[in-house]
Amino acid sequence: MKGWARIGSEEDPIKIHVLKQLLENEGIPTIVINKRDSNYHFGEVELHVRGLDVIRANQLINSFNHE
């Protein structure tokens with residue numbers, strides 16, 4: 001995925017989808033990659049943004065996590 005950067009990963013897909021919604025509400029496109037095993041439910045779900053949005057996305061996530 002050229003031009004995209006991973007900015008987070010979680011074992012809980014709900015946490016990633018909350019962050020995805022937060023970023024998309026601020027106009028930042030996101031991609032979610034599910035690397036969890038569908039049978040045994042282990043692994044992580046990753047959140048990616050475009051390289052030019054990394055700084056702004058991290059600032060929004062940090063603000064959200066400190067509320």
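Every value quoted in this text rests on a predicted model; they were computed, and no experiment measured them.
Using modelled atom types, no side-chain atom of Arg6 and backbone atom of Val49 make a donor-acceptor pair closer than 3.5 Å.
Note on Arg56 versus Glu26: salt bridge recorded, some NZ/NE/NH1/NH2 to OD/OE distance being below 4.0 Å. For Lys35 and Glu44, the salt-bridge test fails: no basic side-chain N is under 4.0 Å from an acidic carboxylate O.
The shortest distance between side-chain heavy atoms of Lys20 and Leu47 falls below 4.5 Å. For the pair Gln59/Ile55, a side-chain contact is recorded, criterion being any heavy-atom separation below 4.5 Å from C-beta on.
In the hydrophobic clustering of ILVMFWY residues, with side-chain heavy atoms under 4.5 Å counting as a link, Val54 and Ile16 come out together. Hydrophobic clustering (ILVMFWY, side-chain heavy atoms < 4.5 Å, transitive): Ile7 and Ile33 are in distinct clusters. Linking Ile, Leu, Val, Met, Phe, Trp and Tyr whenever their side-chain heavy atoms come within less than 4.5 Å puts Leu23 and Val32 in one cluster. A single hydrophobic cluster is not seen to contain both Leu60 and Leu52; linkage of ILVMFWY side chains at heavy-atom distances under 4.5 Å, directly or through other members, places them apart. Taken together through direct or relayed side-chain contacts under 4.5 Å among Ile, Leu, Val, Met, Phe, Trp and Tyr, Val45 and Leu22 form part of one hydrophobic cluster.
Across every non-hydrogen atom of Pro13 and Glu11, the tightest pair is CD-O, 3.2 Å.
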Quiz prompt | Full working for salt bridge (charged side-chain N to carboxylate O under 4.0 Å, His left out) between Asp53 and Arg50 | solution = CA-CA 5 Å; Asp53 291 324; Arg50 295 177 303 186; 2.8 Å; yes
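Distance NZ/Lys15 to CG/Leu19: 9.5 Å, rounded to 0.5 Å.
A donor-acceptor pair shorter than 3.5 Å cannot be found between the side chains of Ser9 and Glu46.
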